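A quick write-up on the structure given underneath.
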2 protein chains.
Amino acid sequence: MDEVFKALADASRRSLLDRLHARNGQTLNELCEGLAMTRQAVTKHLAILEQANLVTTFKHGREKLHYLNPVPIHQIGERWIRKFERAKLVALGELKRQLEERDE
Amino acid sequence: MDEVFKALADASRRSLLDRLHARNGQTLNELCEGLAMTRQAVTKHLAILEQANLVTTFKHGREKLHYLNPVPIHQIGERWIRKFERAKLVALGELKRQLEERDE
DNA sequence: TTGACATGCAACCATTTGGTTGCCTATTGT
DNA sequence: ACAATAGGCAACCAAATGGTTGCATGTCAA
C-alpha cells in the first residue's frame with residue numbers, strides 16, 4: 001500500500017499510467033516518446049510502477065510490453081479514500097461549531 | 001493536485017490524517033503523543049498537509065488546532081481514481097489476448 | 001553474420017526529504 | 001510576576017530520489 005502511494009506521488013509516473021490508460025501494452029521506447037527524459041529515467045519510473053504492481057510487463061522478443069494494472073488504484077479508492085468521504089459532509093460544517101465550543 | 005499526492009506519499013502523514021479522522025481538531029501536542037518522532041518533525045509533516053490543503057488550522061490561545069479537510073482526498077477519488085476504475089474490468093481479461101495478437 | 005535496434009546495468013551527481021538539536025516567543029495558571 | 005506550557009524558527013545531517021552518462025547484452029533483419 002505504501003509503495004503504491006509512493007509510486008503515485010510522482011507526476012511523471014502518473015503521466016506514464018495515463019499513457020498506458022490511453023493505450024495499453026506499449027513498449028519502453030513508445031513510452032519514452034515526447035518525454036523530456038532519457039530512456040533510463042523512464043525505465044526507473046516503470047520499475048517503481050512495476051514494483052508497486054501498478055504495471056505488469058511481458059518480454060516479447062527484444063521488446064518489453066507494459067500493461068496497466070488498475071487493481072491497486074482501485075484498492076486505494078476502496079480502502080482509503082472512501083473512509084474519508086464519509087467525513088466530508090460532517091467536517092466543514094462542524095468546523096466552526098467545534099471551535100466555538102472550546103471558547104466557553 | 002501534485003501536492004496532495006506528495007503529501008499522501010508518506011505513511012507518517014497518512015497516519016496523522018487517520019488520527020484527525022478519528023478525532024478532529026487536535027492540538028499539535030495531542031497529535032505528537034505516541035509517535036516515535038520529535039514535535040518538530042510532526043510540525044513539518046503537518047505543514048506539508050496544510051500546504052496541500054488536507055489540514056486546516058486555527059490558533060486558539062497558545063494552542064494550534066488541526067482540522068481535517070477531506071475535499072482534496074475526495075477530488076483525487078473523483079478526478080483520478082474513477083478514471084482507472086473503468087479500465088479495471090477490461091484490462092486483465094484483455095491482457096493475454098493483446099499479447100497473443102502481437103505473435104502473429 | 002553483422003549492423004542496427006531495444007533494452008539492461010552500474011556508477012555517478014544534485015536536490016529533496018525526513019529527521020534531529022538548540023534556542024526563541026507567546027500564552028497561561030498560580 | 002513568573003514558571004510552566006504550547007508552539008515556532010533555523011541550522012544541520014544522512015539517506016532517498018530523480019536524473020544523467022557510458023557501456024554491455026540480446027534480438028532482429030538484410
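Letters A, B, ... are given to chains in the order of the sequence lines, protein chains preceding strands, and every chain is numbered from 1. All values reported here derive from a predicted model rather than from experimental measurement.
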So, taking the atom named CZ in B/Arg62 and the one named OG1 in B/Thr27, what distance separates them when rounded to the nearest 0.5 Å? 11.0 Å

For B/Ala47, all residues meeting side-chain contact (heavy atoms from CB on, under 4.5 Å), sequence neighbours excluded: none

Identify whether the distance between the nearest side-chain nitrogen and carboxylate oxygen of A/Asp18 and B/Lys83 falls below 4.0 Å. yes

Going by an N to O cut-off under 4.0 Å, is there a salt bridge joining B/Arg14 and A/Asp2? yes

Taken to the nearest whole Å, CZ/A/Phe58 to P/D/dT27 is 18 Å

Using whole Å, what does the distance between atom P of nucleotide D/dT5 and atom CG of B/Leu28 come to? 16 Å

Can you build the contact string for nucleotides 17-30 of chain C? Use B for base contact, S for sugar-phosphate-only contact, and - for no protein heavy atom under 4.0 Å. -SBBBB----BS--

I want to know whether B/Phe84 and A/His21 have ring centres closer than 6.0 Å. yes

Mind checking what makes side-chain contact (heavy atoms from CB on, under 4.5 Å) contact with A/Thr57, not counting sequence neighbours? A/Glu50, A/Val55, A/Lys64, A/His66

A/Leu65 CG to D/dT27 P, in whole Å, measures 14 Å

Rounded distance (Å) that lies between atom C1' of D/dT17 and atom CZ of A/Phe5: 19 Å

How many whole angstroms separate atom NZ of A/Lys64 from atom P of D/dT27? 14 Å

To the nearest angstrom, the NZ-C1' distance between A/Lys59 and D/dC28 comes to 15 Å

Using whole Å, report how far CD of B/Glu30 lies from P of D/dT5. 15 Å

Atom CD of B/Glu63 to atom C1' of D/dG8: distance rounded to whole Å? 15 Å

Measuring to OP1 and OP2 of C/dT7, would you say a side-chain N or O of A/Asn29 lies under 4.0 angstrom away? yes

